[in-house]
Amino acid sequence: METASITLESPIQNFEFEMYNPQTDKSDKKMFSDYEGKRTILVFYPADFTFVCPTELKDLSKIYSKILEINVEIFVVSTDTIFSHKRRIETESLLKDFKIPMISDRTGEITKYFNIRNEKTGNAERGTFIISPKGILKSIEISTESVGRSAQELLRKMEALHFIEENPGHACPASRNIGLKSLKPWLDIAGKVWETLE
């Protein structure tokens with residue numbers, strides 16, 4: 001039976017998945033429902049033993065502790081085996097002390113569900129998905145294979161989503177970090193956004 005694909009603001013399907021945990025050097029089987037009550041980030045990448053991918057994983061490592069502090073679980077995902085994940089961490093100097101759990105989507109079922117399966121290679125494209133504590137898809141970012149993503153921008157989005165969920169009716173302007181002025185969309189500020197942000 002073919003799996004339906006996901007759309008923004010929809011609940012995600014509760015897949016079971018296998019992952020390699022670099023912190024314990026063991027594999028685990030989990031389901032997305034195991035993380036209910038927490039925000040979740042899925043960072044898909046094309047494959048282990050490629051070139052842009054380890055630079056992205058290294059970049060994610062820099063924000064990992066901050067991600068955990070705001071009650072978020074983050075996973076990196078590819079269609080490689082858990083054995084490939086383990087070997088990649090052991091051999092790539094860029095990934096020394098890498099701690100983020102690595103999901104193995106060998107069947108490509110999860111990759112296909114998130115609409116980022118490359119039909120020519122069977123690999124995932126570069127896709128980042130943020131899921132709410134209630135299992136609702138809140139953010140989609142997809143990049144071409146040769147362009148790496150920014151972990152700092154991911155952190156900013158994560159903090160912005162946290163802020164607007166805690167402050168209903170507010171919105172976070174472009175490139176604004178937490179602590180700076182937010183917007184409260186209303187008829188009175190239409191055409192006067194600049195003055196509102198000053």
Side-chain angles (χ1 to χ4, degrees), residues 2-3 5-6 12-35 38-68 72-131 137 139-158:
E2 194 165 305
T3 304
S5 58
I6 187 68
I12 66 163
Q13 185 171 321
N14 188 26
F15 286 97
E16 182 179 55
F17 54 85
E18 187 174 23
M19 66 180 184
Y20 170 65
N21 187 336
Q23 295 187 62
T24 62
D25 194 31
K26 295 185 183 300
S27 65
D28 294 306
K29 283 195 175 177
K30 297 285 186 180
M31 298 186 76
F32 288 132
S33 59
D34 293 334
Y35 302 95
K38 289 189 170 187
R39 291 173 186 81
T40 307
I41 304 172
L42 301 176
V43 180
F44 291 82
Y45 64 97
D48 292 331
F49 299 98
T50 51
F51 309 101
V52 176
C53 297
T55 67
E56 288 192 312
L57 299 187
K58 175 68 173 178
D59 201 34
L60 286 172
S61 285
K62 295 175 184 177
I63 67 164
Y64 186 50
S65 60
K66 290 182 180 178
I67 287 290
L68 296 180
V72 177
E73 292 288 343
I74 182 169
F75 303 94
V76 295
V77 190
S78 78
T79 57
D80 298 289
T81 65
I82 57 169
F83 309 106
S84 177
H85 286 338
K86 173 180 166 66
R87 189 64 178 150
R88 184 53 161 158
I89 298 305
E90 291 173 343
T91 58
E92 175 57 68
S93 298
L94 269 177
L95 301 179
K96 183 181 179 183
D97 299 322
F98 187 78
K99 296 178 180 178
I100 302 172
M102 308 177 78
I103 293 176
S104 169
D105 182 30
R106 284 299 292 144
T107 64
E109 189 178 24
I110 301 174
T111 300
K112 190 171 184 179
Y113 175 73
F114 282 95
N115 290 319
I116 54 168
R117 178 180 167 86
N118 183 316
E119 295 302 330
K120 290 183 179 179
T121 65
N123 294 337
E125 301 288 6
R126 295 192 193 286
T128 306
F129 301 85
I130 300 175
I131 301 155
L137 182 61
S139 176
I140 299 172
E141 177 190 356
I142 302 172
S143 304
T144 189
E145 189 170 320
S146 55
V147 178
R149 292 156 286 184
S150 166
Q152 282 300 321
E153 172 59 11
L154 175 59
L155 180 61
R156 188 195 71 83
K157 282 184 187 176
M158 204 66 247

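With sequence neighbours excluded, no residue forms a ring-ring contact (aromatic ring centres under 6.0 Å, His included) with Tyr64. With sequence neighbours excluded, the residues satisfying salt bridge (Lys or Arg N to Asp or Glu O under 4.0 Å) with Glu73 are Lys38. The ring-ring contact (aromatic ring centres under 6.0 Å, His included) check on Phe98 picks up nothing, with sequence neighbours excluded. Lys26 meets the salt bridge (Lys or Arg N to Asp or Glu O under 4.0 Å) test with no other residue; sequence neighbours excluded.
From Glu153, atom CD reaches atom NZ of Lys157 across 5.5 Å, with rounding to the nearest 0.5 Å. Between Ile12 atom CD1 and Ile131 atom CD1 the span is 3.5 Å, to the nearest 0.5 Å. For the atom pair Phe44 CZ and Arg149 CZ, the distance stands at 10.0 Å (nearest 0.5 Å). Here Asn21 contributes atom CG and Ser27 contributes atom OG; the two are 9.5 Å apart, rounded to the nearest 0.5 Å. Atoms CG and CD1, on Leu60 and Ile67 in that order, are 8.5 Å from each other to the nearest 0.5 Å. From Ile74, atom CD1 reaches atom CD1 of Ile130 across 9.0 Å, with rounding to the nearest 0.5 Å.
Residues Arg106 and Thr81 have side chains in contact (heavy-atom distance under 4.5 Å, counting atoms from C-beta outward). Using a 4.5 Å cut-off on side-chain heavy atoms (C-beta onward), Ile89 and Met102 make contact. Annotation: side chain of Phe32 is in contact with side chain of Leu42 (closest heavy-atom distance under 4.5 Å).
Annotation: salt bridge (Lys or Arg N to Asp or Glu O under 4.0 Å) contacts involving residues 81-96, sequence neighbours excluded, comprise Asp25-Lys86, Lys86-Glu90, Arg87-Glu90, Arg88-Glu92.
A pairwise comparison of heavy atoms in Thr79 and Gly122 identifies CG2-O, 3.6 Å as the closest pair. Here the closest heavy-atom approach between residue Thr111 and residue Asn123 is recorded as CG2-O, 4.4 Å. Across all their heavy atoms, Phe75 and Met19 have their closest contact at CE2-SD, 3.7 Å. Closest of all the heavy-atom pairs between Arg117 and Gly108 is NH1-CA, 3.9 Å. Of all the heavy atoms in Lys99 and Gln23, the pair that sits closest is O-NE2, 3.1 Å.
Note: Phe15 and Phe114 fail the aromatic proximity criterion, with ring centroids not under 6.0 Å apart.
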- Task: Take Ile100 and Leu57 through the side chain to side chain contact (heavy atoms under 4.5 Å, CB included) test and state the conclusion after the steps.
- Result: CA-CA 9 Å; Ile100 302 172; Leu57 299 187; over 6 Å; no
Under 3.5 Å donor-acceptor pairs involving side-chain atoms of residues 47-55, not counting sequence neighbours:
residue : atom : partner : partner atom : Å
Asp48   : OD1  : Tyr45   : OH           : 2.6
Asp48   : OD1  : His85   : ND1          : 3.4
Asp48   : OD2  : Ser84   : OG           : 2.9
Asp48   : OD2  : His85   : N            : 3.2
Asp48   : OD2  : His85   : ND1          : 2.9
Thr50   : OG1  : Ala47   : O            : 2.7
Thr55   : OG1  : Val52   : O            : 2.5

